[in-house]
Enquirer: 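Got a structure for you, written out below as structure tokens; questions coming shortly.
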Number of protein chains: 2
Amino acid sequence: MSAAPLRQTRQRVAVAETLAAAAGFSTAQQVHERLVARGERVALATVYRHLQALAESGLADVLRTPDGQVAYRCCAHGQRHHHHLVCRRCGHTVEVEFGTFESIVEELAARHGFAEVTHELELFGICPRCSAG
Amino acid sequence: MSAAPLRQTRQRVAVAETLAAAAGFSTAQQVHERLVARGERVALATVYRHLQALAESGLADVLRTPDGQVAYRCCAHGQRHHHHLVCRRCGHTVEVEFGTFESIVEELAARHGFAEVTHELELFGICPRCSAG
DNA sequence: ATACCTGCAAAAGCTTTGCACCTAC
DNA sequence: GTAGGTGCAAAGCTTTTGCAGGTAT
């Protein structure tokens, strides 16, 4: 019934470390590229599997890039739901929390009688660094 | 330089009508299905092309479903940016506008020095009708 | 007549899956 | 020793694209 225990493999560690080291969001492909560049040999399919696992266990955030890829980001904060401001150019990410917004969503869902409402807010822009360059 | 004039074809009308008739968001595949069911013969590729065109010209909203498909919805409101509360089960959609939110986003982007910020808020839940059933 | 549009089919991505082998426990 | 993990390759999906023929204007 409970989930099977996860094994500590070279690949699992490598994927988790690579994701953790990244500043913003990374796609499976990007994580794989970095691993290869680092000299680690990990199959792309394995990267996909680990990223999914990380997301499911709540250790990573998931979002979809505007062009449809799935991107993951190591999630330092525990349970706290938060949003992101992502630079379209360099991927630099600012983590954002604003209670005001959360409560607006709740109030809104209630007003329309919607249940089990999940919300995902994506903000894409150009960060100050890229604007300057 | 300017866009070529759009021709009034059977397919264009059929796709636009089908999208307009739908209550919530529709994917290209769904629109195509409905067309076929209605007896219209339109190629899937053509549906994709028209939906993209509708979105580009601002006549349709675009969003990505949680599983990665692109969904479109006929957009009655002109320029006004708005968001949606979408039923995960039946697709029933409520159009939502809340100025408070828009200003929060602007203030937030400014605070972090981000430029050209676009935002998309997706709310998925179970609508009252489906909850009752 | 001439752009533009359509259909078909193939290609292109990203992601998932099947299966035999491997390895942490 | 065994259950879970991995690699490889193939399949699955949605979406895009090339091209020859069709059609509004």
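Atoms considered below: every heavy atom in the structure, side chains included; atoms not considered: hydrogens, waters and symmetry mates. A note on names: the letters A, B, ... follow the listed sequences, proteins ahead of strands, and every chain is numbered from 1.
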Enquirer: Rounded to the nearest angstrom, tell me the gap between atom CD in A/Gln69 and atom C1' in D/dT15.
Expert: 13 Å
Enquirer: How long is the line joining CG of A/Leu44 and C1' of C/dT15, in whole Å?
Expert: 8 Å
Enquirer: Under the 3.5 angstrom rule, does the side chain of B/Arg12 hit a backbone N or O of B/Arg7 as a donor-acceptor pair?
Expert: yes
Enquirer: What nucleotide among C/dT16, C/dG7, C/dT15 has an atom nearest to a side-chain atom of A/Val70?
Expert: C/dT15
Enquirer: Whether A/Thr9 contacts D/dT6 is assessed here as follows: a side-chain N or O lying under 4.0 Å from the phosphate OP1 or OP2. Is that the case?
Expert: yes
Enquirer: Would you please confirm or rule out a distance under 4.0 Å between OP1 or OP2 of C/dT15 and any side-chain N or O of A/Tyr48?
Expert: yes
Enquirer: Just wondering, are more than 12 heavy atoms of other shown residues or ligands nearer than 6.0 Å to CZ in A/Arg41?
Expert: no
Enquirer: Taking only side-chain nitrogens and oxygens of B/Gln52, does any of them come within less than 4.0 Å of OP1 or OP2 of D/dT16?
Expert: yes
Enquirer: Between B/His50 and A/Arg10, which residue's closest nucleotide on DNA chain C lies nearer the 5′ terminus?
Expert: B/His50
Enquirer: So if I take the C1' atoms of five pairs at each end of the helix from C/dA1-D/dT25 to C/dC25-D/dG1 and get each local axis, what angle do the two axes make, rounded to 10 degrees?
Expert: 30°
Enquirer: What is the separation between atom CZ on B/Arg7 and atom P on C/dT6, rounded to the nearest whole Å?
Expert: 10 Å
Enquirer: Can you measure from CG (A/Leu54) to SG (A/Cys74) and round to the nearest 0.5 angstrom?
Expert: 7.5 Å
Enquirer: How far does CD of B/Gln69 sit from CD of B/Gln29, to the nearest 0.5 angstrom?
Expert: 6.0 Å
Enquirer: Output, in order, the C-alpha distance, side-chain angles, deciding distance and verdict of side chain to side chain contact (heavy atoms under 4.5 Å, CB included) for A/Tyr72 and A/Gln52.
Expert: CA-CA 9 Å; A/Tyr72 299 87; A/Gln52 282 172 358; 3.7 Å; yes
Enquirer: Atom CD of A/Glu33 to atom P of C/dG13: distance rounded to whole Å?
Expert: 14 Å
Enquirer: Starting at CD of B/Glu56 and ending at C1' of D/dT16, how long is that distance when rounded to a whole Å?
Expert: 13 Å
Enquirer: Tell me the interatomic distance from A/Arg49, atom CZ, to D/dC8, atom P, rounded to whole angstroms.
Expert: 11 Å
Enquirer: Taking side-chain hydrogen bond (donor to acceptor under 3.5 Å, both in side chains) as the criterion, tell me which of B/Arg38, B/Gln30, B/Arg34 meets it with B/Thr18.
Expert: B/Arg38
Enquirer: Can you tell me the distance, in whole Å, between the CZ atom of A/Arg12 and the P atom of C/dC25?
Expert: 10 Å
Enquirer: Closer than 4.0 Å, any side-chain N/O of B/Gln8 to the OP1 or OP2 of D/dA24?
Expert: no
Enquirer: side-chain contact (heavy atoms from CB on, under 4.5 Å) with B/Leu51: which of B/Val31, B/Thr27, B/Val62?
Expert: B/Val31
Enquirer: Using atom CZ of A/Arg41 as one end and atom P of D/dG5 as the other, report the distance to the nearest whole Å.
Expert: 20 Å
